2 protein chains.
Amino acid sequence: MNEARVPNLASSANPMRARPCPHNPSVSCSSCRLSDLCLPISLNKSEIVQLDEIIERNRPLRKGEHLYRQNDEFRSVFAVRSGSFKSYVLGADGQSRVTGFYMPGEIIGMDGIATRKHGVSTMALEHSSICEIPFSQLEKLSHQLPNLQSRFFAIMGNEIVKDQQIHTLLSSYTAEQRLASFLLSLSSRYARCQLSPDRFILHMTRSDIGEYLGLTLETVSRVFSALQKKELITVKNREIEIRDMPKLRAILGE
Amino acid sequence: MNEARVPNLASSANPMRARPCPHNPSVSCSSCRLSDLCLPISLNKSEIVQLDEIIERNRPLRKGEHLYRQNDEFRSVFAVRSGSFKSYVLGADGQSRVTGFYMPGEIIGMDGIATRKHGVSTMALEHSSICEIPFSQLEKLSHQLPNLQSRFFAIMGNEIVKDQQIHTLLSSYTAEQRLASFLLSLSSRYARCQLSPDRFILHMTRSDIGEYLGLTLETVSRVFSALQKKELITVKNREIEIRDMPKLRAILGE
DNA sequence: CGTAGTGTTGAATTGAATCAAGTGTCGTGG
DNA sequence: CCACGACACTTGATTCAATTCAACACTACG
């Protein structure tokens with residue numbers, strides 16, 4: 001597997017707030033720059049402090065390292081603090097299928113809640129760090145804090161909604177619509193964590209994208225080229241610039 | 001299809017048989033024949049009694065009636081007591097896309113938890129009855145009963161896993177694999193509620209199935225015919241008989 | 001510098017969609 | 001009870017979007 005690399009986002013045109021370093025394991029939820037888009041939303045200060053106590057801030061993962069693997073025992077859910085991840089399953093034929101990409105502030109690992117085993121594997125796409133939340137403790141604390149229970153129901157509900165949107169995307173969109181939707185989704189998620197919504201790095205390969213969207217890597221490449229020719233985006237290797245957001249949205253529209 | 005909405009409180013004082021009939025609104029969770037595959041799993045007797053108190057058993061829905069519609073305010077989740085439902089969204093072009101089918105013992109409506117608005121519409125596919133569970137009360141009770149909280153986390157986690165499985169199905173299976181997987185899923189769900197796993201009725205149309213699996217209704221029809229010619233199934237209108245379960249499973253295998 | 005992984009592009013192929021024509025089924029009202 | 005109309009379904013012919021197969025270019029890195 002590949003070695004660690006300095007994450008590209010750090011040198012992006014759109015610098016982060018001057019807040020504690022994203023990889024710093026000693027950041028607390030209260031001081032975390034993601035606190036208003038992560039688990040703590042809608043919790044008050046004392047509740048956040050209690051949540052903070054059960055969270056384990058592990059060492060960062062290097063690119064290619066696994067957070068957990070398919071069939072591992074489920075112990076925790078994870079919040080992405082920095083970097084990005086992909087989740088995937090290995091099919092009977094050995095082919096992998098990507099089930100999701102995760103960015104800062106998003107929650108990973110809910111696939112294991114029901115069965116107590118992880119149904120997917122999850123791997124860092126770049127140098128990344130996470131907050132680990134032992135699920136038994138989260139359940140216990142949720143029982144004491146109605147707001148936290150409510151918040152976690154909402155997080156899971158949100159995951160269900162997103163999965164249904166992917167369902168309709170995969171069952172009726174063309175290749176071009178899928179890629180447009182994918183780029184717009186990344187864009188709004190980058191915006192959510194204060195990064196540029198129209199210039200960003202794809203940390204996943206064309207093949208990852210294809211496995212996620214139900215396309216081949218060749219088709220992903222071709223559609224990127226076509227969108228570039230139409231001047232809706234600029235693609236330079238892994239770097240994407242969205243040049244015409246309205247027209248990109250219009251691809252989904254009619 | 002413009003049916004009347006179901007009145008939410010509807011305490012129909014309807015004279016019914018004393019024996020717990022699937023449509024009988026007076027059945028309690030404790031006496032319900034679905035209690036070991038529905039929400040109450042893993043709850044003890046006194047917990048079930050408390051759950052019972054917040055559940056509203058509405059009048060049955062006729063075929064084509066809506067349980068709720070896209071953009072309706074979210075108030076409750078629902079457990080299917082008898083019959084079956086489909087959920088669907090209307091796309092920008094007016095086309096509908098089916099996001100799920102629901103059978104007895106399954107929970108409907110979790111798409112509204114995060115946003116407090118329903119993201120899909122849900123319609124009865126046949127004469128059906130449901131238990132309505134007002135969500136605010138479910139949250140309150142979950143806060144008192146750790147087992148119920150845990151159970152509901154598990155139900156939502158299960159929904160997430162199923163959605164991920166659909167994701168991989170839609171992104172990599174052929175038409176034949178999708179239909180085989182669909183029939184096997186129905187089969188095991190019928191088995192779960194004590195019905196024959198190899199002879200059952202499809203209450204949805206070919207078009208519904210196609211919209212769910214990302215295929216046209218013509219392709220659904222053709223694949224059914226092809227599977228019949230191979231003697232894996234018999235299709236007579238809406239009636240399906242699975243004649244060779246192992247071979248049907250093998251279609252997914254490699 | 002060479003190698004492995006990643007990405008692009010072209011040509012041929014194909015699985016499913018689309019277009020089209022017809023049959024079957026069901027519920028309704030006469 | 002039957003006739004009618006609407007909807008659901010089947011099957012065939014053709015088209016097309018995406019895959020597959022193939023060759024090559026770029027980049028990163030030991």
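We name chains A, B, ... by the order of the sequence lines, and we start the count at 1 in each one. These figures come from a predicted structure and were not determined experimentally.
- Between A:R57 and A:E132 there is no salt bridge, since none of the side-chain N atoms of the basic residue sits less than 4.0 Å from a carboxylate O of the acidic one.
- Between A:Y212 and A:F101, the distance separating the two ring centers is shorter than 6.0 angstrom.
- Rounded to an integer number of Å, the gap from A:L227 CG to C:dT9 P is 13 Å.
- Remark: P of C:dG5 and NZ of A:K63 are 13 Å apart, rounded to the nearest angstrom.
- Side-chain contact, B:Q95 with A:S172: no donor N or O sits under 3.5 Å from an acceptor N or O.
- Looking only at atom types and distance, the side chain of A:S171 has no donor-acceptor partner in the side chain of A:T168 under 3.5 Å away.
- Residues B:Q164 and A:V120 have side chains in contact (heavy-atom distance under 4.5 Å, counting atoms from C-beta outward).
- Residues A:I166 and A:L213 have side chains not in contact (no heavy-atom distance under 4.5 Å, counting atoms from C-beta outward).
- Atom CG in B:L202 sits roughly 13 Å away from atom C1' in D:dA8 (whole-Å rounding).
- When the C1' atom of C:dT8 is taken as reference, atom NZ of A:K229 falls 12 Å away, rounded to whole Å.
- Whole-Å rounding puts the B:E126 CD to C:dC26 P distance at 15 Å.
- Counting non-hydrogen atoms of other residues, nucleotides and ligands closer than 6.0 Å to NZ of A:K162 gives a total above 12.
- Taking the charged nitrogens against the carboxylate oxygens, B:K236 and B:E239 have no contact shorter than 4.0 Å, which rules out a salt bridge.
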Distances under 3.5 Å only, N/O to N/O: pair up the protein atoms with those of nucleotides 12-14 of chain C.
none

Exercise for review: Any chance you could list the contact pattern along nucleotides 9-20 of chain D? Use B for base contacts, S for sugar-phosphate-only contacts and - for none, protein heavy atoms under 4.0 Å, 5' to 3'.
Suggested key: SBBBB----SBB

